[in-house]
There are 2 protein chains.
Amino acid sequence: MKLTSKGRYAVMALVDLARFDTINPVSLRDISLRQGISLDYLEQIFSKLKKNQIVKSTRGTQGGYVLSKKPNEIKLTNILNAVDEKVKTVQCKKESKKGCNGKATKCVTHNLWDELETHINTFFEKKSLQDLLKNNSERVN
Amino acid sequence: MKLTSKGRYAVMALVDLARFDTINPVSLRDISLRQGISLDYLEQIFSKLKKNQIVKSTRGTQGGYVLSKKPNEIKLTNILNAVDEKVKTVQCKKESKKGCNGKATKCVTHNLWDELETHINTFFEKKSLQDLLKNNSERVN
DNA sequence: TACATACCTGACTAAAATGGTCAAGTTTAG
DNA sequence: CTAAACTTGACCATTTTAGTCAGGTATGTA
């Protein structure tokens, strides 16, 4: 079980945005430099964040990104879903009439992973960007 | 973020074992057939479970595996750790003096993943094999 | 004692996911 | 009109996953 960098990068970038977008849009270049994340990779991530209406973009010189909602309205679950960092547990095909692993019944752990999924999602639904801002009033660059 | 099959297989196999090892040791072959898991893969998994004293083995004809403790004493966290299915979050090198991503300070999400890790582990520490047995009194084969 | 059964070990591998890079744009402020 | 910034999509090296394969070794039973 593993948490990947993409979700972490997305959260880091948005915290950065929340801190710096108050006056002007923030360019990915700036975020890249401040957070040490590859610019090209950031572009992929922000493309998804934009599709999910978490950020808005302005083109051209002095352009960049801003949050489309207030930090306390952006929950971590929104961010992680946007970049496809969902909790994937059992791969039992829900379509199929069969249970897990081709058996007639559900595998004995089926409910377990469901519970875990709920458990983790609850955690992410409670946390907002605002919560992270509070814990990190020290400067980062 | 993803949960892999290895951990799921380990739990499935141990639930199977808990149900059938009361009289004789259970052969991996039987578990393989009942649970639809490759025999060779099961051997790898059980090798780790044995190293971590979760199961005991008997060789020879009529041999097989039995649990080394009672089902209520085996927590999911023990099982998942045994098969290296730990929760891995940030890859910040703890050795290094530097913070995450080569920055001087901890990345803004550092504490977040720590919290999540604790949150998930708490879940696994509460659940025992016994708990899974209760929820699955229906037959599985 | 033979031998089948079952555990044990380690090397190997196809496929997928991860964590990016690279190239070629389009848009717009100045 | 041009540089800064967003946009899109193809591409790729590495690592992980989920096994397979090939050989063992140990031992209960006939």
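Predicted model only: the values in this text are computed from it and were never measured. Atoms considered below: every heavy atom in the structure, side chains included; atoms not considered: hydrogens, waters and symmetry mates.
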Atom-pair distance ([atom1] on [X]; [atom2] on [N]), nearest Å:
X: A:L49; N: D:dT7; atom1: CG; atom2: C1'; answer: 14 Å
X: B:K48; N: C:dC7; atom1: NZ; atom2: P; answer: 18 Å
X: B:K56; N: D:dA26; atom1: NZ; atom2: C1'; answer: 18 Å
X: A:D30; N: D:dC6; atom1: CG; atom2: P; answer: 9 Å
X: A:Y9; N: C:dT18; atom1: OH; atom2: P; answer: 14 Å
X: B:I45; N: D:dA18; atom1: CD1; atom2: P; answer: 9 Å

Polar atoms only, N or O, under 3.5 Å: list the protein pairs with nucleotides 20-24 of chain D and their distances.
from, atom 1, to, atom 2, distance (Å)
D:dT20, OP2, B:S38, OG, 2.4
D:dT20, O4, B:Q44, NE2, 2.7

Check: Is the closest basic N to carboxylate O distance between B:R19 and B:D16 below 4.0 Å?
Finding: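 No.
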Margin query: Within the 4.0 Å heavy-atom criterion, would you say A:V26 contacts the bases, only the backbone, or no part of the nucleic acid?
Written below: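 Sugar-phosphate contact only.
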Margin query: Any base atoms under 4.0 Å from A:K50, or only sugar-phosphate, or nothing? Heavy atoms, all strands.
Written below: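 Sugar-phosphate, backbone atoms only, no base.
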With sequence neighbours excluded, tell me which residues meet side-chain contact (heavy atoms from CB on, under 4.5 Å) with [X].
X: B:S57; answer: B:K50, B:Y65
X: B:E125; answer: B:T77, B:N121
X: A:T61; answer: none

Item checked: Candidate nucleotides C:dT18, C:dG20, C:dC7, ranked by approach to the side chain of B:L28 - the nearest -> C:dC7
Notebook entry, point to check: B:Y65 side chain: which of C:dT5, C:dC8, D:dT7 is closest?
Noted result: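 Looking only at side-chain atoms, B:Y65 lies closest to C:dC8.
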Note to self: Nearest heavy atom decides the nucleotide; on that basis, is B:S47 or B:R29 closer to the 5' end of DNA chain C?
What the structure shows: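 The 5'-side residue here is B:R29.
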Next item on the list: Would you please name every residue forming a side chain to side chain donor-acceptor pair (under 3.5 Å) with A:K6, sequence neighbours left out?
Entry: none
Next item on the list: Please identify each residue that fulfils side chain to side chain donor-acceptor pair (under 3.5 Å) with A:K75, with sequence neighbours left out.
Entry: none
Margin query: Same cluster or not: B:F20 versus B:I74, using hydrophobic residues (I, L, V, M, F, W, Y) connected whenever any side-chain heavy atoms lie under 4.5 Å apart?
Written below: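 As far as the 4.5 Å side-chain criterion goes, B:I74 and B:F20 are connected within one cluster.
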Is there a side-chain polar atom (N or O) of [X] under 4.0 Å from OP1 or OP2 of [N]?
X: B:S57; N: C:dC8; answer: yes
X: A:S5; N: C:dG19; answer: yes
X: B:T58; N: D:dT27; answer: no

Next item on the list: On DNA chain D, check which nucleotide each of B:K6 and B:T61 is closest to and give me the residue with the more 5' one.
Entry: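 Looking at DNA chain D, the more 5' nearest nucleotide goes with B:K6.
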